[in-house]
Amino acid sequence: MAGAARRRDGRIAQERMLEEAMAAIAEDGLATLTMSALAERLGTSGGHILYYFGSKDRLLLAALNWSEQQLTAERTELLGRRLTAHRKLALFVELYLPLGPRDPRWTLWIELWARIPSNEPLRAAQQEIDDGWQRDLEALLAKGVEQGRFAAGLDVPARASELLALLDGLSTRVVLGERGADRATSLERARSAAALLIPHI
């Protein structure tokens with residue numbers, strides 16, 4: 001029983017660290033996030049954080065996975081709602097795009113993308129996350145075709161992959177704060193592109 005309590009405490013401690021890491025990235029960017037700075041925010045020691053994660057890279061990957069797990073739950077809830085396929089697709093796009101230039105999840109993605117070619121665990125984690133988005137978007141589109149909301153004969157895997165690639169590009173521009181790439185404008189462009197890729201009936 002005591003062992004179970006310690007495990008629960010450990011999970012709570014880790015979640016608190018990940019939550020605080022994401023908050024710090026949103027407030028001050030990734031460059032200022034150090035183990036010592038995070039430890040100070042948490043009122044603990046850098047060694048305590050290292051005990052759970054081992055390195056900053058592993059902490060960042062854990063934070064990204066934690067954030068994506070929350071989005072996975074939101075996607076699952078969205079797919080189960082009683083909405084038209086058109087509305088679900090619009091909400092899916094909204095869920096995918098960053099909230100703005102300081103979106104911590106996307107800030108992390110951009111930082112970690114550069115490390116993927118030389119980091120196999122990171123490559124595997126990215127593939128797993130990407131596969132989840134692809135799988136859920138395919139399910140959404142296939143259901144829309146089945147209901148007669150999207151064009152019959154739609155190449156669901158190809159259209160899903162193309163739309164996600166486009167959303168990645170738009171999202172990167174939003175996070176980088178490029179001119180004319182605010183969230184509202186990017187949402188409008190994403191919806192226009194989605195309508196072209198996935199003809200509505």
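For reference, positions follow the sequence shown, starting with 1.
At distances below 3.5 Å, not a single donor-acceptor pair connects side-chain atoms of Ser161 with backbone N or O atoms of Pro157. Remark: side-chain polar atoms of Lys88 are paired, donor with acceptor, to backbone N or O of Leu79 under 3.5 angstrom. Listed for the Asn119 side chain is no donor-acceptor partner under 3.5 Å among the backbone atoms of Arg115. Arg58 places a side-chain N or O within donor-acceptor distance of the main-chain N or O of Phe53, the cut-off being under 3.5 Å. Remark: the backbone N or O of Ala181 is not paired with any side-chain donor or acceptor of Thr185 at under 3.5 angstrom. Formation of a donor-acceptor pair under 3.5 Å by the Arg105 side chain with backbone atoms of Leu64 is not found in this model.
Heavy-atom neighbours of Glu27 CD from other residues, nucleotides or ligands within 6.0 Å: above the threshold of 12. For Gln70, the CD atom sits in a packed shell: over 12 heavy atoms of surrounding residues, nucleotides or ligands are nearer than 6.0 Å.
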Item to complete: Evaluate the criterion salt bridge (Lys or Arg N to Asp or Glu O under 4.0 Å) for residue pair Arg123 and Glu120; output intermediate values, then yes/no.
Response: CA-CA 5 Å; Arg123 183 196 301 274; Glu120 188 54 40; 3.3 Å; yes
Item to complete: Could you walk me through whether Trp113 and Thr172 pass side-chain contact (heavy atoms from CB on, under 4.5 Å), step by step?
Response: CA-CA 11 Å; Trp113 271 340; Thr172 302; 3.7 Å; yes
Practice prompt. Mind running side-chain contact (heavy atoms from CB on, under 4.5 Å) on Leu60 and Leu33 for me, showing each step along the way?
Written response: CA-CA 10 Å; Leu60 295 179; Leu33 180 65; 3.9 Å; yes
Discussion item. Would Trp109 and Gln126 count as a side-chain hydrogen bond (donor to acceptor under 3.5 Å, both in side chains) here? Give the steps.
Written reply: CA-CA 9 Å; Trp109 264 125; Gln126 184 223 4; over 6 Å; no
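Using cut-offs of 30° and 60° for the angle between ring planes, the His48 and Tyr52 rings count as perpendicular.
Taking each heavy atom of Ala21 and Leu38 in turn, the nearest pair found is N-CD1, 3.8 Å. Taking each heavy atom of Leu166 and Ala193 in turn, the nearest pair found is CD1-CB, 3.5 Å. The heavy-atom pair separating Ala194 from Leu89 by the smallest distance is CB-CD2, 4.3 Å. A pairwise comparison of heavy atoms in Leu154 and Pro199 identifies CD1-CD, 4.2 Å as the closest pair. When every heavy atom of Ala125 is checked against every heavy atom of Leu61, the shortest pair comes out as CB-CD1, 3.8 Å. Of all non-hydrogen atoms in Ala39 and Gly46, the two that sit nearest each other are CB-N, 3.5 Å.
Between the OG1 atom in Thr84 and the NE2 atom in His200 there is a gap of 9.0 Å [rounded to 0.5 Å]. The line from CG of Leu59 to CE of Met17 is 9.0 Å long, rounded to the nearest 0.5 Å. For the atom pair CZ (Arg173) and CG (Leu176), the distance works out to 9.5 Å, reported to the nearest 0.5 Å. Atom CG in Leu197 sits 11.0 Å away from atom OG in Ser192 (nearest 0.5 Å). We find the OG-CG distance between Ser67 and Leu108 to be 8.0 Å, quoted to the nearest 0.5 Å. Within the model, atoms CE of Met35 and NZ of Lys56 stand 9.0 Å from one another, a figure rounded to the nearest 0.5 Å.
Taking the side chain as every heavy atom from C-beta outward, Pro101 and Thr107 never approach each other to under 4.5 Å. Counting only heavy atoms from C-beta outward, the side chains of Glu74 and Leu71 approach each other to under 4.5 Å. Side-chain contact between Ile25 and Thr32: absent, with no pair of heavy atoms (C-beta onward) separated by less than 4.5 Å.
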Side-chain atoms of residues 135-150: list all donor-acceptor pairs with protein atoms under 3.5 Å, sequence neighbours left out, distances to 0.1 Å.
residue: Asp136; atom: OD2; partner: Arg75; partner atom: NE; Å: 2.8
residue: Asp136; atom: OD2; partner: Arg75; partner atom: NH2; Å: 3.3
residue: Glu138; atom: OE2; partner: Gln134; partner atom: NE2; Å: 2.7

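Of the N and O atoms on the side chains of Ser171 and Asp168, not one donor lies less than 3.5 Å from an acceptor on the other residue. Side-chain polar atoms of Gln69 and Asn65 form no donor-acceptor pair below 3.5 angstrom. Between the side chains of Trp66 and Glu19, no donor N or O sits under 3.5 Å from an acceptor N or O.
Taken together through direct or relayed side-chain contacts under 4.5 Å among Ile, Leu, Val, Met, Phe, Trp and Tyr, Leu167 and Leu99 form parts of separate hydrophobic clusters. One hydrophobic cluster, built from ILVMFWY side chains closer than 4.5 Å, cannot hold both Val174 and Met22; they sit in different ones. Hydrophobic cluster membership is shared by Leu97 and Leu95, with clusters built from Ile, Leu, Val, Met, Phe, Trp and Tyr side chains linked at under 4.5 angstrom.
Considering only residues two or more places apart in sequence or on other chains, Ser118 meets the side-chain hydrogen bond (donor to acceptor under 3.5 Å, both in side chains) condition with none of them.
Of the charged side-chain nitrogens involved, at least one lies within less than 4.0 Å of a carboxylate oxygen, so that Glu94 and Arg191 count as a salt-bridged pair.
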